[in-house]
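Report on the following structure.
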There are 2 protein chains.
Amino acid sequence: MRKEKVYISQETVKRLSLYLRNLRRLEKEGVRVICSDRISELLDVSPAQFRKDLSYFGEFGKRGVGYEIRRLIEELEDILGVNKQWKIVLIGVGRLGSALLRFEGFSKFNLKIELAFDIDKRKIGKVINGVKIEDVQRLTERVKEEGVKVGLISTPPQVAQEIADRLIEGGIKGIMNFAPVTLKIPEDVFITNVDMACELERVIFFLNNEGKVKTDSKLLS
Amino acid sequence: MRKEKVYISQETVKRLSLYLRNLRRLEKEGVRVICSDRISELLDVSPAQFRKDLSYFGEFGKRGVGYEIRRLIEELEDILGVNKQWKIVLIGVGRLGSALLRFEGFSKFNLKIELAFDIDKRKIGKVINGVKIEDVQRLTERVKEEGVKVGLISTPPQVAQEIADRLIEGGIKGIMNFAPVTLKIPEDVFITNVDMACELERVIFFLNNEGKVKTDSKLLS
DNA sequence: TTTTATTTGTTCCTATTTTCACAAAAAGTA
DNA sequence: TACTTTTTGTGAAAATAGGAACAAATAAAA
């Protein structure tokens, strides 16, 4: 039974994506059906959490049996929207940017970067992984032209805000930002920050507070 | 007044790191004192949240005035532990790995990768950003030898678990994992997964559920 | 057919996180 | 000195997320 109005938390969405990836792997390994207990062993998620995450979107399992993997993969692809083709643009083809352009973790899962932009004349015109690098001057118009909806920002932090503004002007509705700055964006645009320095500092915090800290919800004495 | 026993959430730690970075930038811009309201405008955090996050560790502000930036930077560096030198090892010098080796977002903030390993004979011996790439065969012993405590895994997913095991055998206590797999690690080791495909799928979820979704805590109709 | 085993979907409860709101402190002003 | 303004630090309330537990559904066994 589909719910009237449900708030889906970001944590739930992250987990859905995690489920999908692991279900695909299981299917490849020949598994046909799986129960929430088994999922729980594989991922770091309680069985109840798994069932509840799915329950926001419908009933996909069979009581006493489990979940048919093929069916669940399709449902999750549908929920996340990864079965549709979303045009993705990358801005900033530096070392991180070119790694992203060729990242198998994207391409393997139907996430293909289709346009790339840089300011460096020496890079413009080059082709990386089938994508021709274009002049960032033309960013807004090209984004409009191609109807791109998702942008990855891997520029230096100083220019990230300007790039974001231009992307949004071009009609971008979702941004994944690798630049270590907090971008100002309108309410109707979604942003996720991949902040590697913060993540690494989080690891260091744990080490630095060792003994004073409990493993999951950190206890400080 | 320091608390007896306080649980620090991961979200709080992430924000501390975010505060630190932005305070450093503000200091560079010549700002000396800042209040929680101003921080709130700059970052996407409520003033109360900022004050409460800090309050777990002590009283660093002055009522009616705000926070002296220099002081707060030092306190945060101390809390996070980033003023100490932590030895960091990177495993897997592919495209992402070499981008990480040269990533300014790390080096600028006193986060220096000091050892790097790969399995590819052609890469072993090469020097990237002052770091000599070593043979992954010797990973465990070298980690022990050097007393490394933090490891970054940027290998293909198939070998990530084995690398994690070897790191832990060598005495690593904190891992930042870029491989798209859920690693099994003991309780006393801290791990953070940087899962770019999940992040990108989260953006796509938002686009795919547009209209049905409210901007912050996603409303699905 | 009836009974027993499982395992889901969901309700209700608990724990955690965030926000509110205000007393306490600081500094300036009259 | 007394009053005003500002802004912190924090206890209490509100909101959110997570987990236990159980009825309902399924399939297999008796």
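Every chain is numbered from 1, with letters handed out A, B, ... down the list of sequences. Since we're looking at a predicted model, the values are computed, not measured.
For C/dT19, one of the phosphate oxygens OP1 or OP2 lies less than 4.0 angstrom from a side-chain nitrogen or oxygen of B/Gln49. Between A/Ser46 and the phosphate of D/dG19, there is a side-chain N or O to OP1/OP2 separation shorter than 4.0 Å. Phosphate contact (OP1/OP2 of C/dT7, side-chain N/O of A/Ser36, threshold under 4.0 Å): absent.
The closest donor-acceptor contact from the side chain of A/Asn110 to the backbone of A/Val82 lies under 3.5 Å. Counting only distance, with no hydrogens or angles, the side chain of A/Thr192 and the backbone of A/Met176 share no donor-acceptor pair below 3.5 Å. Here the side chain of A/Trp86 pairs no donor or acceptor atom with the backbone of B/Asn208 at under 3.5 angstrom.
Distance, B/Tyr67 OH to C/dA25 P: 15 Å, rounded to whole Å. In this entry the distance linking CD of B/Glu11 with C1' of C/dA15 reads 16 Å, nearest Å. To the nearest angstrom, C1' of C/dT8 lies 14 Å from CD1 of A/Ile34. Distance A/Glu59 CD to C/dT11 P: 11 Å, rounded to the nearest Å. Separating the CD atom of B/Glu68 from the P atom of C/dA25 is a distance of 21 Å, rounded to the nearest angstrom. Taking atom CG of residue B/Asp53 and atom C1' of nucleotide C/dT16, one finds them 14 Å apart after rounding to whole Å. The distance from atom CZ of B/Phe50 to atom P of C/dT19 is 15 Å, rounded to the nearest whole Å. Atom-to-atom, OH of B/Tyr56 to C1' of D/dG9 comes out at 12 Å; the value is rounded to the nearest Å.
Base orientation for D/dA15: anti, the chi torsion being more than 90° from 0.
Scanning residues 18-29 of chain A for heavy-atom distances under 4.0 Å to DNA chain C yields an empty list.
Pairing for C/dA5 is absent, with no Watson-Crick or G-U wobble pair whose two atom distances lie under 3.5 Å. In a base pair of the Watson-Crick type (N1 to N3 plus N6-O4 or O6-N4) or a G-U wobble (N1-O2 and O6-N3), with each distance short of 3.5 Å, D/dT26 is matched with no nucleotide.
Within 3.5 Å, no donor on the side chain of B/Lys52 pairs with an acceptor on the base of C/dT17, nor the reverse.
No more than 12 heavy atoms of other residues, nucleotides or ligands lie within 6.0 Å of CZ in B/Arg32, so this atom counts as exposed by the packing criterion. Annotation: B/Asp44, atom CG; neighbour count of heavy atoms from other residues, nucleotides and ligands within 6.0 Å does not exceed 12.
Of the N and O atoms on the side chains of A/Arg166 and A/Thr140, not one donor lies less than 3.5 Å from an acceptor on the other residue.
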If you restrict it to nitrogen or oxygen atoms, what contacts under 3.5 Å exist between nucleotides 21-25 of chain D and the protein, and what is each distance?
from   : atom 1 : to      : atom 2 : distance (Å)
D/dA21 : N6     : A/Arg51 : NH2    : 3.4
D/dA24 : O4'    : A/Arg63 : NH1    : 3.4
D/dA24 : N3     : A/Arg63 : NH1    : 3.0

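With respect to the salt-bridge test (charged N to carboxylate O, under 4.0 angstrom), the residues A/Arg202 and A/Glu199 qualify. Taking 4.0 Å as the cut-off between side-chain N and carboxylate O, B/Arg21 and A/Asp195 count as a salt-bridged pair. A salt bridge links A/Arg24 with A/Glu77: the closest approach of a Lys/Arg side-chain nitrogen to an acidic carboxylate oxygen falls below 4.0 angstrom.
Proximity of the aromatic rings of A/Tyr67 and A/Phe50 is defined here by a centroid distance below 6.0 angstrom, and this criterion is met.
Within the 4.0 angstrom heavy-atom criterion, only backbone atoms of the sugar-phosphate kind lie near B/Arg15; the bases stay farther away.
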